[in-house]
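These numbers were taken from a predicted model, which means no experiment stands behind them.
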Amino acid sequence: LADKGKAMFMAKNCTACHGFGAVAAGAAPDLRASALALNAPAFEQVVRNGILQTNGMPRFAELNDVELNSLFHYIRSRARESLALAKQAK
């Protein structure tokens, strides 16, 4: 599921603002550290429903449930990887 989400992340050009691998590119938050990676309903509000459009986050109303869920799982997987690396560094 995360692999499908990674493809969606690239296809929707999320990298332009959120960077490759969901690592912040300077224009938008580092999604690996975002609370949205833990909250599917909030993620849907932001991504599909456009609750942060006034902050510059585009709305992706065209995403179906499978696509949205895949994207959510990809960001969650990146968050888990980042957390594991941080714990190893300690």
Is it the case that more than 12 heavy atoms not belonging to Ile51 sit under 6.0 Å from its CD1 atom? no

With sequence neighbours left out, which residue pairs that include part of residues 35-50 fulfil the side-chain hydrogen bond (donor to acceptor under 3.5 Å, both in side chains) condition? Glu44-Arg48, Arg48-Asp65

With a 4.5 Å cut-off on side-chain heavy atoms, are His18 and Pro29 touching? yes

When you compare the side chain of Ile75 with that of Leu36, does any pair of heavy atoms fall below 4.5 Å? no

With side chain to side chain contact (heavy atoms under 4.5 Å, CB included) as the test, pick out the partner of Val66 among Leu68, Asn69, Asn64, Leu63. Asn64

[X] side, atom [atom1]; [Y] side, atom [atom2] - distance, nearest 0.5 Å:
X     : Y     : atom1 : atom2 : result
Lys12 : Phe60 : NZ    : CZ    : 7.0 Å
Met57 : Leu52 : CE    : CG    : 7.5 Å
Phe43 : Leu31 : CZ    : CG    : 7.5 Å
Cys14 : Lys6  : SG    : NZ    : 13.5 Å
Arg78 : Phe9  : CZ    : CZ    : 9.0 Å
Tyr74 : Asp3  : OH    : CG    : 9.5 Å

Does the pair Arg76/Glu81 count as a salt bridge with the N-to-O cut at 4.0 Å? no

Where do Ser70 and Lys4 come nearest, in terms of heavy atoms and distance? OG-CB, 3.7 Å

Is a side-chain donor or acceptor of Asp30 paired with a backbone partner of Arg32 at a separation under 3.5 angstrom? yes

